[in-house]
Amino acid sequence: MTKDKYFDSLKQIYPSVSRETADDLIGFETLFKKWSKAINLASPNTLETLWERHILDSVQVFKLAPQAKQWLDLGSGGGFPGIVLAVMLKQTGGTIRLVESNGKKSAFLRNALAQFQAPGQVVNARIESCYDLIQVPEIITARALASLDKLFELTEPWMTNGAKALFQKGGTISVKWMKA
């Protein structure tokens with residue numbers, strides 16, 4: 001895919017995206033693929049569709065609350081949506097905290113934030129140990145982390161104090177709602 005096609009695909013989701021943001025997201029795709037060779041960041045069979053399946057999907061989350069300045073991503077893993085959101089937040093002046101318990105994945109996330117000078121902080125800890133460490137954000141995100149009922153349980157301390165959640169769930173969402 002050419003740089004212009006990458007940029008056009010971003011503009012379809014978030015029309016005010018800058019060229020610089022697009023360049024950073026293209027760079028993140030490259031970084032992700034490089035690190036994926038060494039540590040398990042995502043299923044290898046999704047690497048061919050990384051842009052569409054993971055990056056653009058994460059930009060859609062940002063589109064739901066572009067005015068929010070304080071974000072929290074739980075179980076940040078390979079950086080979806082957390083790093084993508086951090087890159088988008090450079091454009092709007094917000095910040096994000098990324099919570100990841102795996103040390104290798106936390107190192108990857110720190111590297112990505114630094115490389116793209118994205119506004120964020122990595123917290124290498126389990127979510128349950130972060131309630132006193134992290135102030136109530138405006139938006140909480142999580143993708144491929146846990147069932148909805150478990151996500152509601154994990155985020156209750158922040159949500160009961162005003163945070164809103166944008167949890168990415170695929171496929172059989174109606175079944176997942178019924179279980180929650």
Taking C-beta and beyond as the side chain, do [X] and [Y] meet within less than 4.5 Å on heavy atoms?
X	Y	result
Ile127	Leu145	yes
Leu98	Ile83	yes
Trp158	Leu74	yes
Leu56	Gln12	no
Ile140	Lys164	no

Parallel, tilted or perpendicular: rings of Phe80 and His54 (30°, 60°)
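His54 and Phe80: parallel rings.
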Sequence-distant partners of Asp8, side-chain contact (heavy atoms from CB on, under 4.5 Å), two or more places apart
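So Asp8 forms no side-chain contact (heavy atoms from CB on, under 4.5 Å) with any residue.
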Using the test side-chain contact (heavy atoms from CB on, under 4.5 Å), find all partners of Asn111 that sit at least two apart in sequence or belong to another chain.
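Listed in chain order: Leu31, Trp35, Gln115.
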How long is the straight-line distance from CG of Leu25 back to OG1 of Thr30, given to the nearest 0.5 Å?
11.0 Å
Please name all residues satisfying salt bridge (Lys or Arg N to Asp or Glu O under 4.0 Å) with Lys69, sequence neighbours left out, ordered by chain then number.
none
Please determine whether side chain to side chain donor-acceptor pair (under 3.5 Å) holds for the pair Ser147 and Asp149, giving the CA-CA distance in whole Å, both sets of side-chain angles, and the decisive distance to 0.1 Å.
CA-CA 6 Å; Ser147 64; Asp149 56 334; 2.4 Å; yes
Any chance you could lay out the salt bridge (charged side-chain N to carboxylate O under 4.0 Å, His left out) test for Asp73 and Arg143, step after step, and finish with the verdict?
CA-CA 9 Å; Asp73 184 49; Arg143 183 174 191 250; over 6 Å; no
Looking only at side-chain N and O atoms, does Thr21 offer a donor or acceptor that is under 3.5 Å from a partner on Ser18?
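Indeed, the side chains of Ser18 and Thr21 share at least one donor-acceptor pair under 3.5 Å.
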